Every structure is written in C-alpha cells, then in structure tokens.
Amino acid sequence: MTRETQNKVKVTALDRILFMPVPGCPGCQHGTIGRIIAEVLEELELDGTAIEVIGIGCNSGVAMLNVDVVQGSHGGAPDTATAIKRLSPDSFVYTVQGDGDCIAIGAGSFIGALTRGELITIIMCNNANYGTTGGQLAPTTLSGQVTTTTPEGRNPAVSGHPVHVAELAATFKSVAYSARGALTSPAEYRRTKKYVKKAFQKQLDKIGLGYVEILSACPANWHLTPVDSIKWMEEHMIPEFPLGEFKDSDGKRNLPRDKQE
Amino acid sequence: MAKGEIVIIDVNCRGCGFCQLFCPKDCITITGDRFSPLGYLLPTFTNQDQCNACGICAWMCPHLAIDVYRYAGKGAAKS
C-alpha cells in the first residue's frame, strides 16, 4: 500500500482557524498563542458564542481565529469586553492583549477590570518590549535588556524593575485565576494550554476573572535568531518571570462571610 | 516504520526553524536549498521513517505552516 492511498487522519485539525498566512516576523510566537486559544475553544465547544476583543499591537495577528472579533481602543480592550459581557451575559468574551497594551497604556482599564472582577478572560502576550513600534522599553522589559530607548540596557535606578503582572493580578480578591505560561518547549506549550483552559472555565462557571500571561519570543526586536531567542527566554525571562499558577480560586472566599460554607 | 507524515505549507512558512528545533525524532531539517515564495528558507521532511505523528511541529510552528497526518487502519503497520 502506498502512502497516497492510505487512510490519513489529520491529528492537528483546527476547524476554527482561518487558513491564511499568519502575519508576523519569523519566529514571532503570537501565532502559537492563537493556536492555543483555537484548540481550547474547540475543546470547550464555544463555537458561535465566543467573542474576542483584541488590543492594539502585534497580538492583533491572533485574530486569525474564526470567531467574532472586536478591536478595542489602545489599552481599552478590557473596557470593551466589559461592555459586551454586561450587555449579553450569555456570551463568552476574552481579550488578547500585549504587554504594552495591557499594563502600560491600558493599565487603568486592566486594573479596573480586575477590581470589578468582570466575568471575562484576559490573555496577555509578554514579549518584554513594544514589538509593533520597533522594540522600545515596555513595563515588562528585563533589567539590563537593550531596547531602542535603553541602548545601554534598562537601568533599574532610572526606569525601574519589570512589572510582574500575573503576581499583581493574583492579589485582587475578585480575580479567580492567574497564571503565567511560556512557549519555550512542547511541555510548556501543553502546560500553557491547560492554564488557558482553566481560565476559560472560570468564566463559564461564573466564578470570576481569569488572567493568563504567556511569555512569547520576539526575535526581530531582540536581534536574535528564532532558535537563540528560545534560549534567551529560558536563560533570562523565565528566572525573572517564574511560571505557574498564582491563584486558582473556587469563588467561595469572595462571598460575604455569612454565606461562606 | 512511519506512523504518519507532515505536510509543509510553503506559502505560510517563515523559516524560523522551530520545527527543526523541537522535533523529538529529528525528522525535519532546514537544508538550505529550498526557499518559500517570500524568500525564507524552507524545512524539508527528511527522516520520514521515524515520524510518529506526535504533532509537536504543528503546535510549535508559529505560522501554522505544518499539517500532521497519522496513518489509519491496517496500512499503518505495513508502511
């Protein structure tokens, strides 16, 4: 029997991805984040109800999924998602944002959504710089990292230390889930997918806001080859941004004391 | 004994090399003599007999340029 006549089963089928060339520089992992979201949406059978709100930035390329997409104003994706969720409570709403969109220009919107504990899911792509505009200093830039606006490396005495957003989100009482994953290996891919699925499940169970931060490579602005950028993530980014779950709440502690079990 | 095969979609590929880096069986190689329509170096499915259709290359490909197929039925054992 030749290969052509054999029965073949596609093991990586994704019905909800629109097959088109994915935008992005070689090695940019935002497409992988889009794939994780597509796989989780397929597994949770959220066809037809999911609404994606994307921020402004390279992460907008994740909008290749076959779901309804709204692009919020810069930094305002949590606000747009809040409006959609409150006006149609049965819909499933999640945002995909970059680090500049989420914690720099949209810090107010983001913290506001965390404070109110909206029933949305926020997925943040952390690539340690402003990818779209050419690699400037972002809040998540590592100490000593060279960017176009810090040519001698980020100096903590002048521009501070990187913001740990997953730990920050875990401190909010109304946040149900906060985790940080990376895309440095197939094992981390699987773990990150589990985090995204759990965060989506918190919204489906109406427990609270889910937040997942995903460390992704930006080889073009780090001035590394794609393969070297994976090594750079393992050596520099993961020691600074530890991976794992920081909060996994079942929602009972958020109730008033007399209603707790 | 190949358990499956991969198909590389040339127009989507940007030649980043993640498939070569992450393939556990070293089935994918960037040989340097094939180019995509956009001018990026294309990987080649070289060590075809070792492929076990795990799907890792498709997961890690940021540009969704790889489809993985597993052989089904009795033919899988004979191929």
Side-chain angles (χ1 to χ4, degrees), chain A residues 1-14 16-36 38-39 58 61-62 64-65 125 127 182-193 216-220 224-231 234, chain B residues 1-25 27-30 35-43 45 48-49 51-79:
Chain A
M1 191 181 277
T2 60
R3 288 221 168 102
E4 285 72 28
T5 54
Q6 277 178 338
N7 294 322
K8 291 190 288 191
V9 183
K10 204 171 172 184
V11 291
T12 53
L14 280 172
R16 296 185 66 74
I17 277 197
L18 300 178
F19 277 94
M20 60 176 206
V22 177
C25 314
C28 167
Q29 289 188 307
H30 286 133
T32 314
I33 294 171
R35 184 182 187 96
I36 287 179
E39 287 186 1
C58 292
V62 180
M64 65 208 164
L65 312 178
C125 320
N127 59 6
L183 297 174
T184 50
S185 66
E188 292 295 348
Y189 175 95
R190 242 180 252 133
R191 238 168 261 147
T192 307
K193 188 179 159 187
S216 61
C218 184
L224 297 169
T225 64
V227 173
D228 285 345
S229 66
I230 295 285
K231 277 183 208 148
E234 284 172 343
Chain B
M1 295 289 272
K3 290 177 184 165
E5 65 179 15
I6 65 166
V7 175
I8 296 162
I9 305 162
D10 292 2
V11 288
N12 284 9
C13 180
R14 302 287 169 102
C16 65
F18 285 169
C19 46
Q20 184 185 15
L21 176 68
F22 291 114
C23 179
K25 298 277 183 185
C27 296
I28 308 173
T29 318
I30 295 183
F35 296 92
S36 79
L38 291 170
Y40 296 111
L41 282 169
L42 278 179
F45 185 33
Q48 302 192 2
D49 291 343
C51 181
N52 58 2
C54 60
I56 283 174
C57 49
W59 292 351
M60 300 308 291
C61 177
H63 302 281
L64 310 178
I66 300 180
D67 286 339
V68 182
Y69 296 92
R70 177 176 286 136
Y71 298 140
K74 289 178 182 174
K78 292 175 187 171
S79 63

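All chains are named by letter (A, B, ...) in the order of the sequence lines, taking the proteins before the strands, and each is independently numbered beginning at 1. None of these values were measured; they are calculated from a predicted model.
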Minimum-distance pair of heavy atoms, taken over all atoms of Q29(A) and P62(B): CA-CB, 4.2 Å
Heavy-atom pair with the smallest gap, counting every atom of L183(A) and M60(B): O-CE, 3.6 Å
Distance, nearest 0.5 Å, that separates CD of E39(A) from CH2 of W59(B): 7.5 Å
side-chain contact (heavy atoms from CB on, under 4.5 Å), paired with F22(B), selected from I230(A), V227(A), T184(A): I230(A)
Residues in salt bridge (charged side-chain N to carboxylate O under 4.0 Å, His left out) contact with K231(A), at least two apart in sequence or another chain: D228(A)
Name of the residue among P226(A), P219(A), C25(A) meeting side-chain contact (heavy atoms from CB on, under 4.5 Å) with C16(B): P226(A)
Under 4.5 Å from a heavy atom of chain A, the part of C13(B) involved: neither
